[in-house]
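One structure below.
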Amino acid sequence: MTLHKGASDRDRSRQPRPVNPFYGEADPVAGMETSPPRDTLPEGPVSPHTAYQFVHDELMLDGNSRLNLATFVTTWMEPQAGVLMSECQDKNMIDKDEYPRTAELERRCVAMLADLWHAPDPSATIGCSTTGSSEACMLAGMALKRRWSRRNADRYPATARPNLVMGANVQVCWEKFCTFWEVETRQVPMEGDRFHLDAACAAALCDENTIGVVAVLGSTFDGSYEPVAEICAALDALQERTGLDVPVHVDGASGAMIAPFLDPDLVWDFRLPRVASINTSGHKYGLVYPGVGWALWRDQDALPEELVFRVNYLGGDMPTFALNFSRPGAQVAAQYYTFLRLGREGYRAVQQATRDVARSLAEQIGALGDFRLLTHGDQLPVFAFTTADGVTAFDVFDVSRRMKERGWLLPAYTFPPHREDLSVLRIVCRNGFSEDLADLFLTDLESLLPELRQQPCPLDRPENVATAFHH
Ligand SMILES: *Cc1c(COP(=O)(O)O)cnc(C)c1O
């Protein structure tokens, strides 16, 4: 999580403020006359009502999650899912023996995903829930690394440094994996209008120390699918030429819950023999509140047994593979609820509606003339766009800042190596971002454009702000 520092001088010198006796924060029971300190534990308790009021009031200043077009994470679920989750708040996912039904729901979810992702032998497929895709990717990366070191135990010197091949567009979790587990990151940079991993470039970076190739189904940067089948074919050819057998992990954080429903003919999953493991975020297009993810391995071979732990001090002897020990069980119950509630047809309908919104919004933004679309929302329901050639009065950072005035959280960012020159805006359409809301978004964007076009220059760049304020 964010690394925080202790209280600053300013925080420490802050005087206690009197509380308003006619507002909910006053606490006659605790005899409280001033507000509690912020950075040290208060001396004594206050009533739950008072505590609630303080925390509730402060949180009002957070953004509205439904207007957050930056996040992939679910911001709307049915009330029944909320009820179910609050009923399970006290259940610890690790206590498999104490909460056997929660453990069983987790097992069923894994089985359903194995089926959805075309595992050739579902009874051999193994998988687990995680806190999200990041943890799932750590686990998958560890399995790749262990397989590599096992395979090479007697062939290569112990000093050989493992590497992992990926596109420069990977989500930060892969850079974390490589840093935390001391694996060399081999990234294929972006090139011109290619914004994700290319099969030939991926194969070219592989050598005898490559633990695997990560293919992303649904790039975080622009919503495009990486060509998983082509990457596998290039690695098949590499094996034929050199004997190197490099497994593929598919990071399907978003796409593994989109493609099976909307692009059933796209072959990206366990149908490809080279795909050893797949992850997804249950809390993205799995349609569950944060935090739940899933990691699945094709078979026992893909997940070395020594990484799996069995503890007996909770009773029972259930094998687990996880970074955490304790974890909330509610999200797993909610995932099962959603699978049961929607079924294949329900998921298809939800994801199709979301993609329809993305495509139509992308098209309308493209038609404004001020922007150039990089993607069109027709793979992940996500698209990126930048200012059109010749637009010099404003840039994407201005658009992001001005849309915030209307409550929309629309991220602007620069692209990774070789295309750092390119800055984009990205819209992630999710369940609950309806056609109607998309319409309101477009109206707000359109209404800002006349002012933006009048700007003397982009105003959000530090180097421009000083000069702009002279006008
Ligand atoms: C979101 C995302 C992740 C990280 O997933 P979390 O569930 O947020 O931990 C990893 N890879 C890709 C491609 C993503 O989109």
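In this text the structure is predicted, and so the values were computed from the model without any measurement. Note that ligands are numbered from 1 as they come in the structure, with each ligand's atoms numbered from 1 the same way.
At a threshold of 4.0 Å, the pair Arg150-Glu306 counts as salt-bridged, since one of the basic side-chain nitrogens sits closer than that to a carboxylate oxygen. Asp207 and Arg186 are joined by a salt bridge, as a carboxylate oxygen and a charged side-chain nitrogen come within less than 4.0 angstrom of each other. Using a 4.0 Å cut-off between charged side-chain N and carboxylate O, Arg108 and Glu104 make a salt bridge. Between Arg355 and Asp378 no salt bridge is recorded (no basic side-chain N to carboxylate O distance below 4.0 Å). Here Asp115 pairs with Arg344 in a salt bridge; the nearest charged N to carboxylate O distance falls below 4.0 Å.
Under 4.0 angstrom from ligand 1, there are no non-hydrogen atoms of Glu135. Heavy atoms of Cys173 found under 4.0 angstrom from ligand 1 belong exclusively to the side chain.
Counting only N and O atoms by type, the side chains of Asn431 and Thr354 include no donor and acceptor under 3.5 Å apart.
Annotation: atom 5 (O) of ligand 1 to nearest protein heavy atom, Ser133 CB, 3.1 Å. When hydrogens are left out, the protein atom nearest atom 14 (C) of ligand 1 is Lys284 NZ, 2.9 Å; that is the closest non-hydrogen contact.
Close contacts of ligand 1 with Ser281, meaning ligand atoms under 4.0 Å from a residue heavy atom, involve 5 (O), 6 (P), 7 (O). Close contacts of ligand 1 with His283, meaning ligand atoms under 4.0 Å from a residue heavy atom, involve 6 (P), 7 (O), 8 (O). Interface atoms of ligand 1 facing Val216, defined by a heavy-atom separation under 4.0 Å, are 13 (C).
At least one N or O atom of Ser134 sits closer than 3.5 Å to an N or O atom of ligand 1. By the 3.5 Å distance cut-off applied to N or O atoms, Asp251 is counted among the residues near ligand 1. The N/O atoms of Trp174, backbone and side chain alike, include none that comes under 3.5 Å of an N/O atom in ligand 1.
Using the six-membered ring where Trp is involved, Phe371 and Phe385 have ring planes that are perpendicular, over 60° apart on the 30 and 60° scheme.
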